[in-house]
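Each chain gets a letter, A, B and so on, in the order its sequence line appears, and its residues count up from 1.
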2 protein chains.
Amino acid sequence: MQVIQFSQARASMEPQRKDIHNSEIPAVCVSCEARHGGICGTLSPSQLTELSRHTKRRKVTGGSEVIGQGEQLNAYSNILSGVVKLSKMMADGRQQIVGLQFAPDFMGRPFLRESQVAAEAAVDIEVCSMPKAIIDRMIADTPELEHKIHEQTLKELDEARDWMLTLGRKTAQEKVASFLHMIAMHIDPESADKRSFDLPLTRADIADFLGLTIETVSRQMTKLRRDGIIRIENNRHVTCPDMERLRRAAGND
Amino acid sequence: MQVIQFSQARASMEPQRKDIHNSEIPAVCVSCEARHGGICGTLSPSQLTELSRHTKRRKVTGGSEVIGQGEQLNAYSNILSGVVKLSKMMADGRQQIVGLQFAPDFMGRPFLRESQVAAEAAVDIEVCSMPKAIIDRMIADTPELEHKIHEQTLKELDEARDWMLTLGRKTAQEKVASFLHMIAMHIDPESADKRSFDLPLTRADIADFLGLTIETVSRQMTKLRRDGIIRIENNRHVTCPDMERLRRAAGND
DNA sequence: CGTGGGTTTGATACTTATCAACTTAGGTGG
DNA sequence: CCACCTAAGTTGATAAGTATCAAACCCACG
């Protein structure tokens, strides 16, 4: 269980006063989907109160850009629900998705003025945005906050490197299987049953993620379907009765 | 100029005492190539003294493994000279280089027991190794140290994502040009003249970095040479009279 | 009931991999 | 010092995989 450090310590000693400490936390935060697991968990009640005065929850419809590549970076966000795709584009329009982020991930590049990547809502999402300046200040005097963000950065780096192996060395078939497997594992962290899920990306997005064309993605999906590894309904909903077969098709040992 | 915070502050006020403060710093560190720019710059003299009792400078010959993929991670290292390649391998032997590190980079994955990647000396290198436990403890009570490492993690993440675009969307020609351009920029941070440099990797390594075969790398090098964009001597030494042409060949606008 | 975005399928072209032969550079020992 | 040896690199012919171009399909939606 991940809660505010301060209240966690006290709560364990004086459980009957837990509600009092929770009441110190802004109401919007108490019920927030991202508080457990998100970066806010490292902030003190007073910091949370200060921050919450400047945060804004907002919905972004799928396909809308949250931040553009090379754009000025004035805010960070926590993803409360949905999936965000991070992409890079070349001058001639060729595009590569370089990462996907899921709730309760933290979005934004600390210590840099402008974004190196474009962030776009893959599906309808909800985020909690906060001014960059305030977080940057809190990072400076809350080591736990920097640590939390650092942990996520390291996780993203591990994922990026895994994906480099996929991009550089796997076949189209393995790439598509790797993508499906990755989505199955990430899309619904709570659900124990990973065998059925909705794809958060169109075929075009999947192609941009895998360094393939739409047609090749489609053909490989068809092949996985014909081989009985997956079933597809309405183009978006995938069922995979045997995850182990999918893993093997993905080239993971 | 990047020096110990404490001595920097004092030195600027009492410059005549600078040598005294320097004398507090272990001799091995004072002359260390990595102290400026490396992570040690954030440590206090007393921390440096403690750390230096456990550090060990060592040379590793090119081709030797520094740490294996999935291996237990007991030490961190600073690269003092040379180039290290980080790679991932699939069960069937397919390999992808996922990053290169240059002096004075910090090597090791904080907060994790085992390495997700293999690290191998690309050329003869010199490193300063230190026990993981000591650094982990110092990270916990020296926020500046975690910040410094965090900055490098972010840099590596940016680089990894840049490379994903190269792997996923560039042609063989653009990949090879991108590689040469990247090496030209990184290999000798001090030198102002980036037009002439030695490749730290064999053709096989370059192929593993670019997701290509040796033959394709060789053919594209030949083509760049025929086009007059580069000259090659002894297979390893490259001269590029016009960096702008190389940049364009790399597909960077 | 037509329209259009997203998707699938097919025919063909092109890029890169594979296999094989050859060349070059660097190191070793006679 | 030269001949030999080996690893690294180049070049060529062919095969395989994926992209490209084109057409059809399918559904959701107006």
Legend entry - Value in whole Å for how far the P atom of C/dT8 lies from CZ of A/Arg225: 7 Å
Inset, instruction - Kindly indicate whether the side chain of B/Arg236 and the base of C/dT24 share any N or O donor-acceptor pair separated by less than 3.5 Å? - result: no
Inset, instruction - Starting from C1' on C/dT7, measure out to CD on A/Glu233 and report it in whole angstrom. - result: 16 Å
Inset, instruction - For B/Thr213, answer base if it contacts any base atom (sugar-phosphate contacts may also be present), sugar-phosphate if it contacts only those atoms, and nothing otherwise; contact means non-hydrogen atoms under 4.0 Å. - result: base
Legend entry - A/Arg247 bridged to A/Asp253 by N-O distance under 4.0 Å: yes
Inset, instruction - Mind checking A/Gly211 for me? I need base, sugar-phosphate or nothing, with any heavy atom below 4.0 Å counting as a touch. - result: sugar-phosphate
Legend entry - Euclidean distance, atom CG of residue B/Asn235 to atom C1' of D/dT10 [Å, nearest integer]: 9 Å
Inset, instruction - Tell me what A/Ser218 touches on the nucleic acid: a base, only sugar-phosphate, or nothing, going by heavy atoms under 4.0 Å. - result: base
Legend entry - Electrostatic pair B/Asp208-B/Lys85, nearest N-O below 4.0 angstrom: no
Inset, instruction - Please figure out whether B/Thr202 or A/Gln220 has its closest DNA chain D nucleotide nearer the 5' end. - result: B/Thr202
Legend entry - Spacing of B/Arg94 atom CZ relative to C/dA17 atom C1', expressed in whole Å: 13 Å
Legend entry - Whole-Å distance separating the CZ atom of B/Arg203 from the P atom of D/dT11: 10 Å
Inset, instruction - Answer yes when B/Glu126 and B/Arg57 have at least one side-chain N-carboxylate O distance shorter than 4.0 Å, and no when they do not. - result: yes
Legend entry - Residue pair A/Met182 / A/Leu100: nearest heavy atoms and the distance that separates them: CE-CD1, 3.9 Å
Legend entry - A/Asn234 or A/Lys170, whichever maps to the more 5' nucleotide of DNA chain D: A/Lys170
Inset, instruction - Report yes if at least one side-chain N or O of A/Thr171 is closer than 4.0 Å to OP1 or OP2 of D/dG17; otherwise report no. - result: no
Inset, instruction - Using heavy atoms to find the nearest nucleotide of DNA chain C for B/Thr216 and A/Glu215 separately, return the residue whose nucleotide is more 5′. - result: A/Glu215
Legend entry - Euclidean distance, atom CG of residue A/Leu201 to atom P of C/dG6 [Å, nearest integer]: 13 Å
Inset, instruction - Take atom CG of A/Leu199 and atom P of C/dT8, then tell me their distance rounded to the nearest Å. - result: 10 Å
Legend entry - Interatomic distance where CE belongs to A/Met221 and P belongs to C/dT8 [whole Å]: 6 Å
Inset, instruction - Answer with yes or no whether A/Arg219 presents, from its side chain, a donor or acceptor under 3.5 Å of a partner atom in the base of C/dG10. - result: yes
Legend entry - N/O donor-acceptor pair, side chain A/Arg169 with base C/dT16, under 3.5 angstrom: no
Legend entry - Pair B/Glu114-B/Gln69, side-chain donor/acceptor within less than 3.5 Å: no
